[in-house]
2 protein chains.
Amino acid sequence: MTESATAPRTAEELRAAILERYDTFSKRLQQIARFVLDHPDDLALETLAVVAERSGVQPSAIVRFAKALGYSGAMPMQRLLRDGLLANHTALGYGERVRQFNAALDSQAGTGDDGELLAEFVDRDTLALENLRQTMTKAELARAVKLIDQAQTLYIMGFRRAFPVASYLAYSFQQVGKRTVFVDGVGGLTRQQIGAIGESDLLIAVSYHPYAEETVHAVEGAVSAGAKVLTITDSLVSPMAKMAAQVLQVRESEVRGFRSLAASLCLAQTLVISLAFERERAGARTAPRTRRRRS
Amino acid sequence: MTESATAPRTAEELRAAILERYDTFSKRLQQIARFVLDHPDDLALETLAVVAERSGVQPSAIVRFAKALGYSGAMPMQRLLRDGLLANHTALGYGERVRQFNAALDSQAGTGDDGELLAEFVDRDTLALENLRQTMTKAELARAVKLIDQAQTLYIMGFRRAFPVASYLAYSFQQVGKRTVFVDGVGGLTRQQIGAIGESDLLIAVSYHPYAEETVHAVEGAVSAGAKVLTITDSLVSPMAKMAAQVLQVRESEVRGFRSLAASLCLAQTLVISLAFERERAGARTAPRTRRRRS
DNA sequence: GATAGAATGGAACGTATATTCCACGTTCTA
DNA sequence: TAGAACGTGGAATATACGTTCCATTCTATC
């Protein structure tokens, strides 16, 4: 049973192989071939018995069909179509491909080649970024920027793994002239730092699982003080999500408990510069005297 | 087991039901809930055993989860997600669906070009990552990891724009059990924080143009104290470069004056995990009994 | 029209899977 | 600090599935 001899390795190859060898098939095999070409999703997702019933043949005939194409059974062919379906589907959401990367990493875990490691992290971060682009909608971003723009003072908070993101946000927002308080928790002064937050302020809370207690408490405090909350987090069921006026979900890929921050920082940068542009536009509207044309 | 009582009938209903009842779930059930929300395709396509292994729980726990939602078992829930996946997929052709997705993004543009901004940053960061992969050699990385591994205590420093990178490094190295001192400069105690650095220690200095004075001085101090220095910087002619035992050059993309940190953080993560692997290998050699399941 | 060869349907089989069950551990409560 | 209720992991079990096998039917050739 040399499966590798002629067995197609991708969904497209399978399709081509069926078309090519269609004439050489027996009547029943041709019937199955037509069904596979017409309803590939059925064969991919449903059980063999269901496919058999739907296509009006016996399960054993489907196995014969798969073997005629060089597979060891019907299951390898199903898996092929299933993976193809998933690949096409996740052209929108790249999370699945990230998973495949992780599996690939696991398989070659023993080698531990540093250079390969870098290449794999580059790939993985690239996927995370692409996923961010696909899943973050303009509406979400616009609402977040509006919240930031309308806030009198910005309070920014994020501990542990979220700390780099928070510190980047704090630094950058200060750079573009937004009044910003960075709640860094130094000296155990978290409560004091955030104590002055008021109704016209916004707390940007960055937190990933497992969510730092301080951040959760700070969000609660901010909400009860009447302030709005914008959270950047990794799950819609995070403790902060339901209290927040706006949630920006970032799905970083994870390798052995080490999650990246590439997507989060890209998002952070986008927020900062979007705010800068927003203010520029607003400034141009309120002060139409601005003349760039100079004689 | 009246399944029809509360059991969601569509994938969307299921998602909503999980979000709604998330708080009432036990710890393990919440873990499963997060996985289902984050990787619905996995649960839809893979077998229970595979899903269990991927999400780090027992198959029986998944069955319990499904029953908690009102199903008679895990299989009905799987079928639900599977059908939803198929419906989404077969509703339109693949390409059409992608186009529709993008069109949806465009239509809800709202205020302005925030979405384009995000896309632009994603592109730039992707390029920066690709550049990192091509320019960073294995030898450089290996030398850097060796320096880190041999250091008795790690001092990590980076101010202003480099601060997020430094804080990420400090946090992550501590996570993998490396003795680490994070020189954060709180209270103007930079000199005191780094004062104890000795000959067998390593200072990791992260700095970009314009190079923060404190960091430059700290590097000088570390060198004169006999310590090694590893710098992550944007130029080989940066003030720190000639004093460092090893320089890792990172060229970040720049968009309208704002530089990203994606490549730096990817490199940082690579360093951390390379060290973890290195130690694991060494540990395996000296103590082959070491069994490690999860990190 | 007879016969050899291939193809087919359906039952039987072994396996992999979902599910159940129970002893153990954990977490509240009195 | 007990005790009880709940939650959990993993073995045991039942089920459903893919696959194989073989008697029967169909097709092609002489």
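Please read these numbers as outputs of a predicted model, since none were measured by experiment. Residue numbers begin at 1 in each chain, while the letters A, B, ... track the order of the sequences.
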Can you tell which of D:dT8, C:dT19, D:dT19 lies closest to the side chain of A:A74?
-> D:dT19
Between D:dG7 atom C1' and B:I32 atom CD1, what is the distance in whole Å?
-> 12 Å
When the distance from CD of A:Q58 to C1' of D:dG18 is rounded to whole Å, what number comes out?
-> 13 Å
Establish whether the base of C:dG10 is bridged to the side chain of A:S60 by a donor-acceptor pair shorter than 3.5 Å.
-> yes
Any B:S26 side-chain nitrogen or oxygen under 4.0 Å from OP1 or OP2 of D:dT8 | yes
Name all residues meeting the ring-ring contact (aromatic ring centres under 6.0 Å, His included) criterion together with A:F65; count only those two or more places apart in sequence or in a different chain, and write none if there are none.
-> A:F25
Whole angstrom value for the distance that separates C1' of C:dT17 from CE of A:M75 = 9 Å
Tell me: CE of B:M77 to C1' of C:dT19, nearest whole Å?
-> 13 Å
Of the candidate nucleotides D:dT8, D:dT20, C:dT20, which contains the atom at the shortest distance from the side chain of B:R64?
-> D:dT8
Between P of D:dT20 and CD1 of A:I62, the distance in whole Å | 14 Å
Whole-Å distance, B:F65 CZ to D:dT8 P, equals 12 Å
Quick one: ring pair (Phe, Tyr, Trp, His ring centres under 6.0 Å) pairs with a partner in residues 226-251 of chain A, sequence neighbours left out?
-> none
In terms of the nearest nucleotide of DNA chain D, which residue is placed more toward the 5' end: B:V57 or A:T47?
-> B:V57
What is the distance from CG of A:L48 to P of C:dT15, rounded to the nearest Å?
-> 18 Å
When you get a sec, tell me which of D:dG18, D:dT19, C:dT20 is the closest nucleotide to the side chain of A:P59?
-> D:dT19
Separation of C:dA18 atom P from B:E46 atom CD, nearest Å, is 11 Å
Using a cut-off of 6.0 Å, state whether more than 12 heavy atoms not belonging to A:R21 lie near its atom CZ.
-> yes
When you get a sec, tell me which of C:dT17, C:dT20, D:dT8 is the closest nucleotide to the side chain of B:K27?
-> D:dT8
May I ask you to check whether B:Q269 and B:S172 show a side-chain donor-acceptor distance below 3.5 Å?
-> no
On a heavy-atom basis, the closest approach of A:A128 and A:E252 is CB-OE1, 4.2 Å
